[in-house]
Every structure is written in structure tokens, then in C-alpha cells.
Amino acid sequence: MAKHPPFPEVPPQVDAFFNAVKNNPFLKGHADGIPSFSQLPPLDKAALKTLIEQNFHPQEEEKGVFYNRTGGTLGEALFVPICPSENRRQRKLLAEHLLNAGILSPKTIGLNLFVYKNMYRPASIFDDVLDDAGATSIGVGDAIPDDFALKFIHQFGVNMLIGTPSRIFQFATYLLENHIHIEIPAILFSGELLPESYREVIERTLHTKNIYAVFGATEIGIWGYADYGKNGPLYKMIPEIGYMEIENPDKEGFGPIVITNVLKSRFPVLRYKNHDMARLIHKPDGLYFELKGRGEFVFRIGSSFLFEHDFKGVTKHADQYQIQLSYVGHLITKVTLLLVKESVTDMDTYLKNNTEELHKVLAKLNSEFVPEIAVVKASELLTHPVTGKTPLLMDLRH
């Protein structure tokens, strides 16, 4: 049996759920011979992909399947099978919690700017959730031109924007650059953290008073929600959906999330590691988790590996940044560091100092490379072509 770190004592209801699903053929190779949930090793994306490939056979299913796709290229993506009735039940539960928290109401008219693309379809989640909440979803998707989005806002009386921070920021930038005044009382986001540089522009241009967020993963669904405007990335757990553990927490309690969906029994996903970092916080009204972001990125040039923390010296004073990797010449890697910095007193000195820091970082490489550094607007950072998110690392060497 694979070794894994100890976790806190498992609640009886989670053990009961495990005992009910552990003999499911979908878990063959993962839960075989495991007597209790506490002894089940965590599951990563590669292991889940193996379970799907080995144990899921669409033609043999007696009932239909809903597929959720993860990000990445078509070759990298996971197509996760979900029971349609369980999927609907989970979305209804989410709607109930968002209604009870005052995040949604029947008066909500949301412009849905999430993605519908190549089976990556978070937008469909929010269409369903708003429908289940008795609210209105204007499902336009992230690809809609900003001027069309503005037209729909006026036409339908939109009072909430729903999307990734990157997409909402894009729309806010369009308004700012075109000197357009509108008022959108609330936004609801997911998919990535909200950078302060984005938040400032969104609040200033949309005159937004309420910022809300939900959190989840394609493989699990959504299991937490937050009043982000008041509390930042502090999410309340939905216990009917998720059971969260923290693997190897540090002295502040932060560690990788290990999440179990306690609702999905047809295609169970147990103890899944999604590489986000958080810590658990117990409050009188329930369990919360404070989200810290993703675990460190790592990339390779030649035989050398570079990690996110290697770049702290050159990125620590930036409002936001992105590293782009591309090929020039004969498979020579170009490392482009884009820094977002709203106010710089002496741009020449700022670039000179950061260029020196970047060269120190890259000095460990034993392969030829081309470095580049620039200060840009946040709107100039690349977004992922499928998910619409703005990653810290964009590897374009494909």
C-alpha cells in the first residue's frame, strides 16, 4: 500500500460514505483492500486519469454521463465522468447555500462570462446555479466582445458579473479605456485568485460594492464560497458536498488541499490532491478554509529545473507578473518576465535592478537561453486559451 502522511481523525459520516462506495468498480486499483478511509492514499491527477482509462467504459454504462473537462491541451485534459442526477443535486445544493448567504437572490441578473469551449464549460455550472436559485443568467460566455457585453448589460438590467477575475478585469479595462460609466453592484468569480491590481480597477470602473467567490475543481465540483470583498479568500465549506483535509500543513496550517466529494457515489473521487494551498479554520457557524493559491510552479530548461521561489527576488515588488517561455532559433528557450507595476518613480533603475536579479536566477542554467524583461499593463498578460485564466507561467514551447 502506498505511503501517505497522517491526517486528522475522520468523521464517522465520511467513513460511512467510504464504506458505501469502496467496492465501486470505478475505484478498482485505488481502494482495493483498504479497510477505512483514513488508510486510503491521496489521489493525484495522473492516478485519477488511470482510474478513468482503466475502469470507465462509456459504452457499458446503463445511464447517461455528464463530462467535465479540465484545462490544458486536449492531450493533457481529463474528461471526468459525472452522474447527471448527482451533478444536478450538487448544483442545487450550491444554489441553496448561495441564497442563504445572500450572495444570490431571485432578483439577481447575472451576465455569465465564464467559458463554454471544447467541453470545458464552467459557464454551464453558473447557468444551472442561477436557475436553481430562481435568478436570471445571461449566458454569453467569455468570448463575447466587450461592446456586446455592454449592450446586454443595458438591455437586460444586469446587476452581477460572473466570470474569472481575468475576464471581468478585461471588461473593466475596456470601460476604463473608453471612458464608459456603468454601475454593477456585485461580481461573482472563480477559477483564480483576485489580484489587488484587478480589484482596484474593477471596483473603480464598475462601482462594485460586493465581491463574492466560489471555489472548486473540475474533478470535484464547487465546495466552498466566500464574501471576498469583506473577508478575502476565506471560504465556507459546503459539508454536504466536500470533506477537506490539509496534507503536511506548515507551522501556519497551510498545505496542499486533499478533497473528497461525499455526494458523488456513481463515480467517486476520494482524497483528491488538486495542488491548491489552504488552511482550515473552525468557526461557530461551520468550517472554513483560507485559500493561499496554487503550489509552486516548476519548469525545465535543458537539464535544469527552476521553481517559483527562484523568482521571488525579481517579482516581490511587482503588483503582478507572468513568465513566458518560448523557443527562438534552434530550440533555444527565451525566458520573458513581464512585470505589472502601476507606479514606478524611476523606470530605468527599476528595469536595470530587476534585469540583474533575473540574470542571477537564470545563471544556474546549463543551457543556452535568451532573457527578456518588461513592465506591462495587466491587460497585456496572456490568458489561457481554454480556461481564460491568467497563469503565472505560460509555457509556449509546444
Side-chain angles (χ1 to χ4, degrees), residues 103-105 107-117 122-123 125-127 129-130 135-214 226-230 232-233 318-322 338-344 374-392 394:
I103 294 174
L104 296 180
S105 82
K107 295 267 186 195
T108 299
I109 304 172
L111 188 73
N112 188 346
L113 294 170
F114 274 107
V115 175
Y116 306 87
K117 188 174 185 179
I125 297 173
F126 292 90
D127 285 338
V129 169
L130 265 70
T136 301
S137 177
I138 312 298
V140 296
D142 78 318
I144 187 172
D146 290 321
D147 55 342
F148 277 46
L150 181 63
K151 178 182 177 182
F152 281 124
I153 287 171
H154 289 309
Q155 182 173 347
F156 295 107
V158 168
N159 55 24
M160 176 181 276
L161 293 188
I162 303 170
T164 63
S166 296
R167 184 61 185 90
I168 295 172
F169 173 76
Q170 176 189 316
F171 180 67
T173 301
Y174 162 79
L175 298 176
L176 188 65
E177 292 175 348
N178 289 278
H179 309 288
I180 298 170
H181 177 91
I182 63 170
E183 295 185 9
I184 304 291
I187 68 169
L188 174 61
F189 74 86
S190 187
E192 53 190 352
L193 290 175
L194 177 64
E196 279 303 311
S197 56
Y198 283 17
R199 178 174 178 169
E200 189 276 328
V201 172
I202 289 169
E203 289 180 329
R204 177 156 50 95
T205 57
L206 300 178
H207 302 88
T208 297
K209 302 299 182 185
N210 298 301
I211 298 176
Y212 305 115
V214 296
D227 186 334
Y228 203 98
K230 292 181 179 178
D319 299 322
Q320 199 174 351
Y321 73 92
Q322 185 176 73
L338 301 181
L339 301 172
V340 177
K341 184 71 175 174
E342 291 299 320
S343 56
V344 179
V375 176
V376 300
K377 296 179 180 178
S379 57
E380 295 178 67
L381 302 180
L382 294 180
T383 56
H384 191 283
V386 175
T387 67
K389 301 175 186 179
T390 305
L392 296 178
M394 284 289 284

With a 4.5 Å limit on heavy-atom distance, are the side chains of Val376 and Leu339 in contact?
no
Output for pair (Ile184 CD1, Leu161 CG), nearest 0.5 Å, gives 5.0 Å
Could you tell me whether a side-chain N or O of Thr390 sits under 3.5 Å from a main-chain N or O of Thr383, the two making a donor and an acceptor?
no
Closest non-hydrogen contact found for Ile168 with Ile162 is CD1-C, 4.4 Å
Could you work out, with side chain to side chain donor-acceptor pair (under 3.5 Å) as the rule, every residue matching Glu192, not counting sequence neighbours?
Ser166
Distance, nearest 0.5 Å, that separates CG of Leu194 from OG1 of Thr164
10.5 Å
Any side-chain heavy-atom pair of Val140 and Leu113 under 4.5 Å
yes
What are the two closest heavy atoms between Pro165 and Ser190, and how far apart are they?
CD-O, 3.6 Å
Distance, nearest 0.5 Å, that separates OH of Tyr174 from CG of Asp147
4.5 Å
Judged by atom type as modelled, is there a donor-acceptor pair below 3.5 Å linking the side chain of Asn112 to the main-chain atoms of Ala123?
yes
Interatomic spacing from CE in Met160 to CD1 in Ile109 - rounded to 0.5 Å
11.0 Å
Any side-chain heavy-atom pair of Asp142 and Tyr116 under 4.5 Å:
no
Should Tyr321 and Leu392 be marked as a side chain to side chain contact (heavy atoms under 4.5 Å, CB included) after you check the CA-CA gap, both sets of side-chain angles, and the distance that decides it?
CA-CA 6 Å; Tyr321 73 92; Leu392 296 178; 3.6 Å; yes
side-chain contact (heavy atoms from CB on, under 4.5 Å) partners for Pro233, two or more places apart
Leu193, Tyr228, Tyr235, Leu291
Out of curiosity, His181 NE2 to Glu183 CD, how far, rounded to the nearest 0.5 Å?
4.0 Å
Within the 4.5 Å heavy-atom criterion, are Leu150 and Ile180 side-chain neighbours or not?
yes
Note, Gln320 side chain near Leu381 side chain (heavy atom, < 4.5 Å):
yes
Would you call Ile182 and Phe171 a side-chain contact if the rule is heavy atoms closer than 4.5 Å?
yes
Quick one: does Leu188's side chain get under 4.5 Å of Asn210's, heavy atoms only?
no
Below 4.5 Å, heavy atoms only, C-beta onward: do Phe152 and Leu111 meet side chain to side chain?
yes
Backbone of Ala186 reached by a side-chain donor or acceptor of Thr208 within 3.5 Å
no
For Glu203, what residues pass the salt bridge (charged side-chain N to carboxylate O under 4.0 Å, His left out) criterion, not counting sequence neighbours?
Arg199
Is a side-chain N or O of Ser105 found less than 3.5 angstrom from the main chain of Lys107, in a donor-acceptor match?
yes
Has Thr173 got a side-chain atom pairing as donor or acceptor with Phe169's backbone, closer than 3.5 angstrom?
yes
Do other residues, nucleotides or ligands put more than 12 heavy atoms under 6.0 Å from Phe148 CZ?
no
Salt-bridge criterion met for Arg167 and Asp146 (N-O under 4.0 Å)
yes
What are the two closest heavy atoms between Ala135 and Thr108, and how far apart are they?
CB-O, 3.4 Å
Test item: Glu380 side-chain N/O and Lys377 main-chain N/O as donor-acceptor pair under 3.5 Å
yes
Gln322 side-chain N/O to Pro391 backbone N/O, donor-acceptor pair under 3.5 Å
yes
Kindly compute the distance separating CG (Asp127) from OG1 (Thr136), expressed to the nearest 0.5 Å.
11.5 Å
Does Val214 form a side chain to side chain contact (heavy atoms under 4.5 Å, CB included) with Phe126? I'd like the steps, not just the answer.
CA-CA 11 Å; Val214 296; Phe126 292 90; 3.6 Å; yes
